[in-house]
Amino acid sequence: MNLQAKKLLLRAMSISTKYQPKQAEDKWYSYWMEHGFFRSVPDEREPYTIVIPPPNVTGVLHMGHMLNNTIQDVLIRRARMKGKNACWVPGTDHASIATEAKVVAMLKERGINKLDIGREKFMEYAWEWRNKYGGIILEQLKKLGASCDWDRTRFTMDEDLSEAVIDTFIHLYKKGWIYRGVRMVNWDPQGKTAVSDEEVIRKEVNQKLYYIRYSVGAGRGADGEFLTIATTRPETIMADTAICINPNDERYKHLHGKKAFIPLIEKEIPIILDEYVDMEFGTGCLKVTPAHDLNDYELGLRHHLPVVDILNDDGTLNEKAQILVGEDRFAARKKIAPLLESAGALEKIEDYKSQIGFSERTDAVIEPKLSMQWFCKMPELAKPALDYVIKGDIKLIPDKFINTYRYWMENVKDWCISRQLWWGQRIPAWYNEKGQWVVAKTEAEAEEQFRVSGLEFSSLTQEEDVVDTWFSSWLWPISVFDGFKDPNNADINYYYPTNDLVTAPEILFFWVARMIMAGHEFRGEIPFRNVYLTGIVRDKIGRKMSKSLGNSPDPLDLIEKYGADGVRVGMLFSSPAGNDLMFDEKHCEQGRNFANKVWNAFRLVKGWKVDEKLENTNQVAIAWFESRFNQALTEIESYFAQYRLSDALISTYKLVWDDFCAWYLEMIKPAYEHPIDRETYDKTVVFFENVLKLLHPFMPFITEELWHDEEVFGKRSGADCCIVAKMPEIGQIDTQLLSETELVKEIVTKIRDIRQSKQISPKETLNLSVKANSGIDYIGYKNIITRLANIGDFTAVKEKIADAAAFMVSKDEFYVPLQLDIDPEAEKEKLLKEKEYLGGFLKSVEAKLNNERFMQNAKPEIIENEHKKKADAEAKLKIINERLRGLAG
RNA sequence: GGGAGUUUAGCUCAGCUGGUUCAGAGCAUCUGCCUUACAAGCAGAGGGUCACUGGUUCGAACCCAGUAACUCCCA
């Protein structure tokens, strides 16, 4: 049997050489749940609170959620282990448009039309849908290990939360900050609702620019006088109510005061003058369509033009268009071109690129449309919300977003809060038969108001519209703690303001800014202290990961493949705050490999047998790792304080893989089938426990799994879990020991290098001598060096040794006597190369020291350092010269 | 059109107040290894005009100005 086969057999018999995440994940997640470790109730400890950005109830977990929730879970687990009362509140958002669209689609499949069944029946179906599918995403979060307090799960349409929406609506209305009016809004013809400016996504699109002739003057047709306009929307010419030219445009001076005729329908419209018209664009003549363009609408207001709206709510042409009635706007656009052509009114068609608005939720092309909507005044809400961020009461991480935030808050427009949908909180306004209205919480209160103001009514009807989804989610940090219904309850007083909010920069204005406004308006304080803005998860070639592109891996598949811990580590490896993350599955693989490394390190320690009689020969290694651990811990704490999670993870990774596994465990590892002494073993077990704690926020499952190994850690009580273990605190750091050990590592590496280059097997024992010019006591590290480099004798000498491979570490000389011939020429070449380099270095240092201006301007410690560099280099040069002389002789 | 950001090794990114031999890490690559925890591993190695051009400075990846490319936000 060869070695490979033997090894495979051995593996099959003992515990697996590979970490198997699956069972551990299910087991420990249930265990944590059963023991209520995620549960938080107010107590005497300091609270640490995060409210989840509620994912859409229609949503399924995507990579953005993975990143976002991994970060939140790392923060919450860390806080928990630092002795805070950690509370992470989960929940979902009802997402008006998206959900209503799904339900409408579902009904359509069953042959049911929303309008036929009416509002109440529709809401029944919608609730049925959400009860069936609404929780999926939260279940998926559990697979990731999210340690949310599930008992606190909220939904933005829960009764209490909806009531808060209605109450705040009434509150703002009474303050005069909510009003109703006809305005140009962004109309989504597919969702058949208004959407806010923020929900419109502008994209550049290839279009056609149509040049259309309008005949001019009384004798139209006869003398053939016409003017030409350029438009991308020929199907709206029937809604034109004027032609506009720039009064300064010499080409059209003769048209002042004349009339033009819309082709096809031959409707007479005035030619008006306004400097708004860009003489350079198109022909310099602009068709004015107040009903279907925001700028035209404003132009129309200035010139008192009538408004002719030729579009239905679904984007088809209505009878006011006179022609193409019933056609969809895009179909009409295609069909009108030949009509114009045959009427001799189409001059030419050009290709043209321009920005068009699309609905964020339905991706339909947005139609500017005049309609009666509800608005919320923003300036007074925005002012304090801006101040909190400017003054630093709320920190944005990274702070580069402050500028963007400020710009938006200083240029904020009134918020269109009504939506022509059913799924959501219905606006509490009540109308009589004449269309007069009041705002009231209930019909009875509304009736009372009508009576008080002496208005007649026989029956009242409630406003059909619901409020914008964000009008409920802006209350989230308050409403999840019942802060509206019961403003002084124990929860809100304890948990609010929350600590950290982790979200995507895309919704900084949509959501974050408005939560700050709501926090100030309804509680007089900030809703959270820090906003951690994650990047967008992109694929390898920089495209945003999306379902429609099909470039996003299914997160659950990733978890299946690499384990939840592996995926969490993979997500965090390259995700500094605010920077987009170029996702590569390779990172998850690296995360999985890391878990496996920890697993195997544990197998090693677990396999050791203690011999109580043995003496501890590992004091130096133990002292070193202790210092190294504390040094790394200092670094990691500092990264966390700066929200540099990626750096914190990388530091942890290196501490565990390089320092603990590659160096420390190798330093103390007993020879095969040899026992270990009690003291070293016990210390190592403590180190391992500390390592597990440090790793836990990043890799909760494997750490919990190992934590409970009875053989190594003994039997633990049911509540003694890694998830609630106390995070290690920074202890003593022996800097001299640390720096000397770095030299020791260098010695070991150099010896390994000699073996590699001279083809000496690692199994062959070599001897080593040191001529320590620096005065460092290398013999004190004898145990470490002999074990790691397989050295037999290690002695200190006063003179150099002949017939030995030589190398230098710092300014100390090391000799490995070898039977082999040493090639003096190669040796000489190496030394000369080093000498040349050192010479150059020394020259540059001396140049600095001889530079008067450097000596005048540089800080004293810098100068001192240059002196030291000089002395070191000179010492080293001296040794090299001696050795060169030795070789020559 | 306005604003912000990015540009450092093949890839993803660090590099803080300008000052160590400062040009770094991980991944990938190459070489050698089944060495009794781990081949999902170990040992070693190579790899960069710090986008470009100027300036400030005793000294610049870092500060300033300009240029280019890319990204995002707003109109």
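Chain letters run A, B, ... following the sequence lines, proteins first and then strands; every chain starts at 1. What you are looking at is a predicted structure, and each value in this text was computed from that prediction instead of being measured.
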Are A/R514 and A/W415 in a cation-pi setup, meaning NZ or CZ lies under 6.0 angstrom from the ring centre and within 45 degrees of the ring axis? yes

Side chain A/D812, main chain A/N773, donor-acceptor under 3.5 Å: yes

Nearest of B/G15, B/C73, B/C42 to any side-chain atom of A/T404? B/C73

Would you mind classifying the nucleic acid contact of A/E666 as base, sugar-phosphate or nothing, using non-hydrogen atoms under 4.0 angstrom? base

On a whole-Å scale, what distance lies between the C1' atoms belonging to B/A69 and B/A51? 8 Å

Helical stems, RNA chain B - three or more consecutive Watson-Crick or G-U wobble pairs below 3.5 Å: B:1-7 with B:68-74, B:10-13 with B:24-27, B:29-33 with B:41-45, B:51-55 with B:63-67

Hey, which of these two, A/N851 or A/Y19, hits RNA chain B nearer its 5' end, going by closest nucleotide? A/Y19

When you get a sec, tell me which of B/U36, B/C38, B/G44 is the closest nucleotide to the side chain of A/T17? B/C38

Nucleotide of B/A40, B/G44, B/A14 approaching A/K18 most closely (side-chain heavy atoms): B/A40

If you only use heavy atoms from C-beta on, which nucleotide in B/U35, B/U36, B/C58 is closest to the side chain of A/Y672? B/U36

Tell me: CZ of A/F583 to P of B/C11, nearest whole Å? 19 Å

Rounding to an integer number of Å, can you tell me how far A/K669 NZ sits from B/U36 P? 8 Å

Per-nucleotide protein contact string for nucleotides 17-27 of chain B, where B marks a base within reach and S marks sugar-phosphate only (heavy atoms under 4.0 Å, - for neither): --BSB---SSS

Looking only at B/A37, B/A14, B/C38, the nucleotide nearest the A/R644 side chain is B/A14

Tell me which of A/D753 and A/W608 sits closer to the 5' end of RNA chain B, going by the nucleotide each one is nearest to. A/W608

Salt-bridged, A/K876 to A/D872, with N to O below 4.0 Å? no

Salt bridge A/R628-A/D658, side-chain N to carboxylate O under 4.0 Å: no

Between CG of A/L508 and C1' of B/A4 the distance, given in whole Å, is 13 Å

Do any N or O atoms of the protein come closer than 3.5 Å to N or O atoms of nucleotides 6-8 of chain B, and which pairs are they?
none

Between A/K750 and A/E746, does at least one N-O distance fall below 4.0 Å, as a salt bridge requires? yes

Within the modelled atom types, does a donor on one side and an acceptor on the other bring the side chain of A/R592 and the base of B/A40 under 3.5 Å apart? yes

Compare the minimum distances between each of B/G44, B/U57, B/G15 and the side chain of A/T749, then state the nucleotide with the smallest one. B/G44

